Novice: 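Pasting a structure below so you can have a look.
Index from 1, following the sequence. Below, all heavy atoms of this structure are taken into account, side chains as well, without hydrogens, waters or symmetry copies. Remember, it's a predicted structure, so these values are computed and weren't measured experimentally.
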Amino acid sequence: MAQTHSKRILLGVTGGIAAYKAAELTRLLVKAGHTVQVVMTEAATHFVGPATFQALSGKPVLTKLWDGDSGMAHIDLSRDADVILIAPASANFIAKLAHGLADDLLSTLCLARACPLTVAPAMNKQMWDNPATQRNLAQLRQDGVALFDPASGAQACGEVGMGRMQEAETLLIELEALFQPKCLAGQRVLVTAGPTYEAIDPVRGITNLSSGKMGYAIARAAWEAGAEVVLISGPTALALPPHVRAIHITSAQEMQAAVLREIKPMSIFISVAAVADYRVAQTAKQKLKKTDTAPTLTLTPNPDILAQVAALPKPPFCVGFAAETEKLAAHAQAKRARKNIPLIVANRAQDALGQDESELILIDSHGAHDLPRAKKLVLARQVIAHISDLL
Ligand code: CTP
């Protein structure tokens with residue numbers, strides 16, 4: 001099962017323009033239920049004032065080695081943290097970490113730490129490419145420090161290249177993943193998510209209310225659990241979880257083709273998508289014009305992708321989802337048998353579609369197991385833990 005959600009995070013902010021992103025990160029961490037203690041270097045305070053971080057974290061910001069009552073702030077702070085995240089980490093601060101220097105509060109508490117250290121570098125691309133920086137980064141990796149590598153893009157200095165700090169949302173996801181048990185390490189997981197869209201003509205179609213939230217949460221939870229994840233997604237408005245390879249499709253037939261292309265090396269298939277059961281038999285090439293008589297749409301069945309994968313000669317471990325409006329357990333149980341899959345996850349369509357929360361029933365050969373109402377990510381982690389137990 002997922003471990004206690006709320007963590008004590010020591011956020012170290014060093015001097016760089018990306019310090020403004022650390023303010024947003026503080027807000028997101030607090031919103032996600034974590035406790036955040038901000039420690040800034042002197043240089044960082046030239047970019048964003050401590051008052052900003054104090055207001056966002058609800059805690060006084062520490063900057064000097066001699067802050068705090070005991071004169072031992074560096075020891076107290078590192079003992080009170082589950083993890084230290086340096087974001088942004090300047091080239092200079094990375095060099096100090098690599099060499100074990102301790103000449104201010106932040107570098108001293110990093111040296112005195114008894115918890116994991118994570119680092120989100122941010123710097124100009126020349127500084128990033130400099131062999132000295134690369135040497136220091138290699139040293140940190142060797143020392144067991146988790147690096148959240150920067151992205152490539154436009155930089156504050158006007159240049160374009162590697163060195164942009166990861167966005168706050170991504171850092172939150174990376175950080176939370178550190179605390180999840182790696183129960184799917186070595187597994188390859190294929191997830192389908194979202195609705196499919198079956199075109200009637202070039203501007204109209206048949207779809208459903210699936211938002212993709214549960215499927216995306218499952219993909220994220222599988223990656224957090226150490227799996228290599230491919231996500232085949234219908235049209236959604238969601239941000240992709242990091243480290244997940246995404247394939248975007250529109251119709252059920254496109255989803256089927258993508259699944260069959262990707263399925264071979266997969267050990268687990270989690271079919272969360274709300275696949276349209278039918279498509280329009282003949283899609284009009286031009287926009288249909290209004291006439292006096294209402295048109296009749298002839299529908300034809302779509303392939304059942306999950307049943308098809310479950311019927312492969314060497315199927316992966318198959319998990320289905322069943323959104324039902326009534327007789328939840330009975331309908332889900334029947335689907336599990338009909339599709340010949342070891343596990344089906346049932347939810348009430350009215351409560352789940354488009355919502356951030358849901359409640360689930362997991363049905364396998366041992367019986368039914370209720371997961372009470374919670375955020376979809378929390379439920380997704382429980383589903384992943386259950387799959388790992390069954391495997
Ligand atoms: N599914 C699929 N391909 C389809 C239809 C469904 O892979 N063409 C998968 C879904 O991703 C889900 C499971 O099958 O994991 C259950 O889908 P659902 O549509 O609820 O089941 P149906 O068999 O279509 O039953 P009904 O629509 O009658 O409820």
Side-chain angles (χ1 to χ4, degrees), residues 1-5 180-193 208 210-227 229 259 263 266-275 277 304-391:
M1 284 288 149
Q3 296 177 348
T4 319
H5 180 66
Q180 295 308 314
K182 304 300 165 203
C183 59
L184 290 191
Q187 304 286 350
R188 287 180 166 169
V189 180
L190 182 62
V191 181
T192 63
N208 58 64
S210 167
S211 63
K213 286 178 184 170
M214 193 68 211
Y216 278 55
I218 289 280
R220 174 174 163 185
W223 159 70
E224 287 179 339
V229 181
V259 166
I263 200 68
M266 299 293 164
S267 50
I268 302 172
F269 176 50
I270 312 179
S271 183
V272 196
V275 186
D277 287 328
D304 187 323
I305 304 168
L306 176 57
Q308 195 175 354
V309 171
L312 288 172
K314 279 190 190 165
F317 184 88
C318 287
V319 182
F321 269 68
E324 307 291 346
T325 53
E326 56 164 2
K327 299 182 191 145
L328 193 50
H331 280 322
Q333 185 65 270
K335 270 178 202 177
R336 177 176 169 271
R338 193 165 67 241
K339 299 191 190 222
N340 194 23
I341 52 175
L343 174 65
I344 194 148
V345 182
N347 57 18
R348 274 169 54 81
Q350 307 92 307
D351 297 344
L353 284 175
Q355 306 295 313
D356 290 331
E357 293 190 348
S358 182
E359 54 186 278
L360 305 176
I361 308 176
L362 311 184
I363 302 172
D364 57 34
S365 60
H366 307 289
H369 179 72
D370 289 325
L371 298 183
R373 189 160 197 84
K375 288 240 161 29
K376 284 183 173 172
L377 178 61
V378 174
L379 293 170
R381 287 173 180 157
Q382 292 172 333
V383 172
I384 292 297
H386 193 81
I387 292 172
S388 139
D389 287 347
L390 291 177
L391 282 171

Novice: Measure the CZ-NZ distance between Arg381 and Lys375 for me, rounded to the nearest 0.5 Å.
Specialist: 11.5 Å

Novice: side-chain contact (heavy atoms from CB on, under 4.5 Å) between Leu371 and Val383: does it pass, once the steps are laid out?
Specialist: CA-CA 9 Å; Leu371 298 183; Val383 172; 4.2 Å; yes

Novice: Using every non-hydrogen atom in the two residues, find where Ala385 and Cys183 come nearest and quote the distance to one decimal.
Specialist: CA-SG, 4.4 Å

Novice: Taking the side chain as every heavy atom from C-beta outward, state whether Ser271 and Ile305 have any pair of such atoms under 4.5 Å apart.
Specialist: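 The answer is no, as the side chains (C-beta and beyond) never meet within the 4.5 Å cut-off.
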
Novice: Side chains of Leu184 and Leu391, heavy atoms from C-beta outward: is any pair under 4.5 Å?
Specialist: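 Counting from C-beta outward, Leu184 and Leu391 do come under 4.5 Å.
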
Novice: Looking at every heavy atom in both Arg336 and Ile344, which two are closest together, and how far apart are they?
Specialist: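 Between these two residues, the closest heavy atoms are CB-CG2, 3.7 Å.
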
Novice: If I compare all heavy atoms of His331 with all of Glu326, which pair ends up nearest, and what's the gap?
Specialist: CD2-O, 3.0 Å

Novice: Nearest 0.5 Å please: distance from the CZ atom of Arg348 over to the CD atom of Gln355.
Specialist: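 One finds 12.0 Å between CZ of Arg348 and CD of Gln355.
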
Novice: Answer yes or no: is there a side-chain heavy-atom contact under 4.5 Å between Leu379 and Met214?
Specialist: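 Sidechains of Met214 and Leu379: in contact.
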
Novice: For the residue pair Ile363 and Ala329, what are the closest heavy atoms and their distance?
Specialist: CD1-O, 3.8 Å

Novice: Let me know which of Leu190, Ile387, Leu343 forms a side chain to side chain contact (heavy atoms under 4.5 Å, CB included) with Ile270.
Specialist: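 When Leu190, Ile387, Leu343 are each tested with Ile270, the side chain to side chain contact (heavy atoms under 4.5 Å, CB included) holds only for Ile387.
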
Novice: To the nearest 0.5 Å, tell me how far Gln333 CD sits from Leu328 CG.
Specialist: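 Here the interatomic distance stands at 11.5 Å.
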
Novice: What pair of heavy atoms forms the shortest contact from Gly215 to Val191, and how long is it?
Specialist: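 So the two residues come closest at O-CG1, 3.7 Å.
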
Novice: If we only count heavy atoms from C-beta on, is the Trp223 to Val189 side-chain gap below 4.5 Å?
Specialist: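 Contact flag for Trp223/Val189 side chains = no.
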
Novice: Measure the NZ-CD distance between Lys182 and Gln187 for me, rounded to the nearest 0.5 Å.
Specialist: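 Rounded to the nearest 0.5 Å, the NZ-CD separation comes to 14.0 Å.
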
Novice: If only atom types and distance count, is the side chain of Thr192 paired as donor or acceptor with the main-chain N or O of Ala273 below 3.5 Å?
Specialist: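 Between the backbone of Ala273 and the side chain of Thr192 there is a qualifying donor-acceptor contact (under 3.5 Å).
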
Novice: What's the separation between atom CD1 in Ile341 and atom CZ in Phe269, rounded to the nearest 0.5 Å?
Specialist: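 Interatomic distance, Ile341 CD1 to Phe269 CZ, rounded to 0.5 Å: 9.5 Å.
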
Novice: Return the CD1 to CG distance between Ile263 and Leu312, rounded to the nearest 0.5 Å.
Specialist: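 Separation between the atoms: 7.0 Å.
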
Novice: Would you mind reporting whether Asp370 and Glu359 have side-chain heavy atoms less than 4.5 Å apart?
Specialist: no

Novice: If you compare all heavy atoms of Ala332 against all heavy atoms of Glu324, which two are closest, and at what distance to 0.1 Å?
Specialist: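 Heavy atoms of Ala332 and Glu324 come nearest at N-OE2, 4.5 Å.
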
Novice: Can you check whether Ala274's main-chain N or O pairs, donor with acceptor, with Asn208's side chain at less than 3.5 Å?
Specialist: yes

